[in-house]
Amino acid sequence: MSTEKGPNFLEEIIAEDVNNGKHGGRVLTRFPPEPNGYLHIGHAKSICLNFGLAKKFGGTTNLRFDDTNPEKEETEYVESIKRDIQWLGFQWANEFYASDYFEQLYEYARQLIQKGLAYVDDSSAEEIAAMKGTPTESGKNSPFRDRTVEENLDLFARMRKGEFKDGEKVLRAKIDMAAANMHLRDPLMYRIKHTAHHRTGDEWCIYPMYDFAHGQSDSIERITHSICTLEFEVHRPLYEWFIEKLEIFASHQYEFARLNLNFTVMSKRRLLQLVQEKFVSGWDDPRMPTISGLRRRGFTPESIRRFAEMIGVARRENVIDFGVLEFCVREHLNAIAKRVMVVLDPVKLVITNYPEGTTENLPAENNPELEDGGGVRELPFSRELWIEREDFKLNPEKKYFRLAPGLMVRLKHAYIIKCDDYVMDDNGNITEIRCTYIPESKSGHDTSGIHVKGTIHWVNKSTAVPCEVRLYDRLFRVENPAAEEGDFKDHINPHSLEIIANAMAEPSLRNAAADDKFQFMRKGYFCLDTASTPDRLVFNRTVQLKDSWSKQKVSLE
RNA sequence: UGACGGAUGGUGUAAUGGCAACACUGCAGAUUUUGGUUCUGCCUUUCUAGGUUCGAGUCCUAGUCCGUCAACCA
């Protein structure tokens, strides 16, 4: 970009801290995912922020799995998260787990008990909820609030030993049941769960809650700037309370507004439903807003990082138009994608004055955006070709620059042709288009003096590679599915996936590799799907090209 | 009617008391062997009411609207 944005509010805070020599100018951030699902584009914003901020100020970033709820967490998710972060182009300084700190956290809890700042409560979940009060009504003290330090220490030790059943007891901080901030009304610190943990196995049957794990983990790692989303703002006083009472390293929490994208959902809970209930093929379904889905769809790390930079960071709620993401991926793919020709909806075209049994190889530039055109490849050309069905019209409207009886058009990288005739079957379908070519109009050596408005793509029939092409559209029909009445899944776009079984590709696509990015000329950007095999090539459409013609057509009607 | 936060074009984000700008979108046009790219131009903005000030998007007061919080989730 030629114009630089001003610093965002987090950069300002960190710059000031660094200038003031806070923490000796040291900057250490962390990205703290819970391994209970795959990362999505919203996490990408957070990743770019945390890693980007640290890098900008000469610091580093820890990856820390917030794995304090064994019921939902799995190693599969840990692996996918690591893969996605690295794919995005970031490397953490340390890989940590909140579960690494279980022993330390247990000790911290004992310290609070000893200071008279935590107690074991025998109340049930329902009783605790009832005593919590409401935002406008203060809560009531638990009858177990005033147990002695000795009794609390003993009970807490026995909780750890497994003497009690799930839900029988909890450890709570003793703060203020009348606090205006609900999170300060004696929040739970530990609960009993006789559940195996993906890392610690059966070692523990008590697990710390988020509020008693996150801030302490930050502190243990000496995180300087702990950046999270806005909904944790009301947790900050509690974050600070624990650090103050424990007298440990004071990390600070800062909040920013999470990313919202229209026409999709962004909560792991909903994404999990889409996966489990088979509305999509998996977490990496190309229609999913997950990082793995975007990767499979053909997005590049560069385009996602650029997106994060473009949307900025602030503290106000925002909804980013899906078009911004599309703009970013087009921008990058336009620069790097190899131009190739693929006919998605083939109709036969015969060049009647081109000799039968003859094939010539025409040079074709790979990418006009590159210095040397990205090199050239050879395209076979002969008497029979495939062209796009929509590039021929019996009765063309005004400003239609393609093929119609009597009209001329250029075949990209080849010759100008004129349509003389066509063949129609009994159902009124065009089965063949018959043209003559102008030998003097050969691409790069055109001496014909003829100028045509339109250029269309084509594929040589005898050497064409049949393939499958998958076209994607937005997953939902409405801007904010989560906000609609009823089930968000009722608003899934039934046409979000269109499979084209018989596309015809130019022969060079036989050598397509998994990471290759292509522009199918005039059709969009595509990549090989993970389900593709050498015998059956499968391509995903990443995004369409901008199409001012279809817009114009609509306005003409 | 509790606590905390927020409000700048259609959408985002800047402007840090001194000419409201940048990007995306949209619309027009130029170029084009991709109706792509590129280039040019245009549309559209400070929630309301007071106040402070030579000067307010920015500071103050009041209001309006929006968001978050009452999981043994994170």
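Protein chains get the first letters and strands the later ones, always in sequence-line order, with residue 1 at the start of each.
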At under 4.0 Å, does any side-chain N or O of [X] touch on OP1 or OP2 of [N]?
{"X": "Arg236(A)", "N": "G5(B)", "result": "no"}
{"X": "Arg191(A)", "N": "C73(B)", "result": "yes"}
{"X": "Arg315(A)", "N": "A7(B)", "result": "no"}
{"X": "Lys193(A)", "N": "C73(B)", "result": "yes"}
{"X": "Lys268(A)", "N": "A74(B)", "result": "no"}
{"X": "Ser548(A)", "N": "G36(B)", "result": "yes"}
{"X": "Lys551(A)", "N": "G26(B)", "result": "yes"}
{"X": "Thr68(A)", "N": "A74(B)", "result": "yes"}

(message) In this structure, is the centre-to-centre distance between the rings of Phe102(A) and His197(A) below 6.0 Å?
(response) yes
Which of the following nucleotides, [options], is nearest to the side chain of [X]?
{"X": "Thr136(A)", "options": "C72(B), G2(B), C73(B)", "answer": "G2(B)"}
{"X": "Thr134(A)", "options": "A70(B), U34(B), G36(B)", "answer": "A70(B)"}
{"X": "Val234(A)", "options": "G12(B), C69(B), C72(B)", "answer": "C69(B)"}
{"X": "Met209(A)", "options": "U37(B), G35(B), C72(B)", "answer": "C72(B)"}
{"X": "Pro135(A)", "options": "C24(B), A70(B), C73(B)", "answer": "A70(B)"}
{"X": "Asn8(A)", "options": "A14(B), G35(B), G12(B)", "answer": "A14(B)"}
{"X": "Ile128(A)", "options": "C72(B), U34(B), A74(B)", "answer": "C72(B)"}
{"X": "Glu317(A)", "options": "A71(B), A70(B), G67(B)", "answer": "G67(B)"}
{"X": "Thr455(A)", "options": "U34(B), C69(B), A74(B)", "answer": "U34(B)"}
{"X": "Ala314(A)", "options": "U13(B), G12(B), A74(B)", "answer": "U13(B)"}

(message) Would the distance check show the side chain of Ser251(A) and the main-chain N or O of Ile223(A) forming a donor-acceptor pair, the cut-off being under 3.5 Å?
(response) yes
Please give, in whole Å, the distance from [N] [atom2] to [X] [atom1]?
{"X": "Leu230(A)", "N": "A3(B)", "atom1": "CG", "atom2": "P", "answer": "18 Å"}
{"X": "Arg185(A)", "N": "G2(B)", "atom1": "CZ", "atom2": "P", "answer": "13 Å"}
{"X": "Asn181(A)", "N": "A3(B)", "atom1": "CG", "atom2": "P", "answer": "11 Å"}
{"X": "Arg160(A)", "N": "C72(B)", "atom1": "CZ", "atom2": "P", "answer": "23 Å"}
{"X": "Ile336(A)", "N": "G36(B)", "atom1": "CD1", "atom2": "P", "answer": "21 Å"}
{"X": "Lys132(A)", "N": "A70(B)", "atom1": "NZ", "atom2": "P", "answer": "8 Å"}
{"X": "Met189(A)", "N": "C72(B)", "atom1": "CE", "atom2": "P", "answer": "15 Å"}

Taking the [atom1] atom of each, how far is [N] from [M], in whole Å?
{"N": "G36(B)", "M": "G17(B)", "atom1": "C1'", "answer": "47 Å"}
{"N": "G26(B)", "M": "A20(B)", "atom1": "P", "answer": "29 Å"}
{"N": "U48(B)", "M": "U8(B)", "atom1": "P", "answer": "11 Å"}
{"N": "C43(B)", "M": "G10(B)", "atom1": "C1'", "answer": "11 Å"}
{"N": "G18(B)", "M": "U68(B)", "atom1": "P", "answer": "34 Å"}
{"N": "A49(B)", "M": "U58(B)", "atom1": "P", "answer": "13 Å"}
{"N": "G57(B)", "M": "U46(B)", "atom1": "P", "answer": "10 Å"}
{"N": "G9(B)", "M": "C24(B)", "atom1": "C1'", "answer": "12 Å"}

(message) Mind checking if Ala125(A) touches a base, just sugar-phosphate, or nothing, with heavy atoms under 4.0 Å?
(response) base
(message) Within the 4.0 Å heavy-atom criterion, would you say Tyr207(A) contacts the bases, only the backbone, or no part of the nucleic acid?
(response) nothing
base_contact_polar ([N] base, [X] side chain, donor-acceptor, <3.5 Å):
{"X": "Arg330(A)", "N": "U37(B)", "result": "no"}
{"X": "Arg410(A)", "N": "U33(B)", "result": "yes"}
{"X": "Glu233(A)", "N": "G6(B)", "result": "no"}
{"X": "Arg258(A)", "N": "U68(B)", "result": "no"}
{"X": "His183(A)", "N": "A3(B)", "result": "no"}
{"X": "Arg402(A)", "N": "G35(B)", "result": "yes"}

(request) Examine Arg160(A) relative to Tyr106(A) and say whether NZ or CZ is less than 6.0 Å from the centre of the six-membered ring and inside a 45° cone about the ring axis. (result) yes
(request) Tell me whether the guanidinium CZ or amine NZ of Lys193(A) lies under 6.0 angstrom from the six-membered ring centre of Tyr207(A) and within 45° of its axis. (result) no
(message) For His214(A) and Arg30(A), which I'm curious about, is there any donor-acceptor pair between the side chains at under 3.5 Å?
(response) yes
(request) Identify whether the distance between the nearest side-chain nitrogen and carboxylate oxygen of Lys268(A) and Glu34(A) falls below 4.0 Å. (result) no
(request) Assess whether ring-ring contact (aromatic ring centres under 6.0 Å, His included) is satisfied between Phe526(A) and Phe518(A), documenting all intermediate values. (result) CA-CA 5 Å; Phe526(A) 293 78; Phe518(A) 299 100; 9.2 Å; no
(request) To the nearest 0.5 angstrom, please state how far the CD1 atom of Ile41(A) sits from the CZ atom of Phe299(A). (result) 7.5 Å
(request) List for me each residue that meets side-chain hydrogen bond (donor to acceptor under 3.5 Å, both in side chains) alongside Glu221(A), sequence neighbours excluded, and say none if there are none. (result) Asn62(A), Arg64(A), Tyr101(A)
(request) Check the geometry between Trp549(A) and G35(B) and answer yes if their rings are stacked (centres below 5.5 Å, planes below 30°), otherwise no. (result) yes
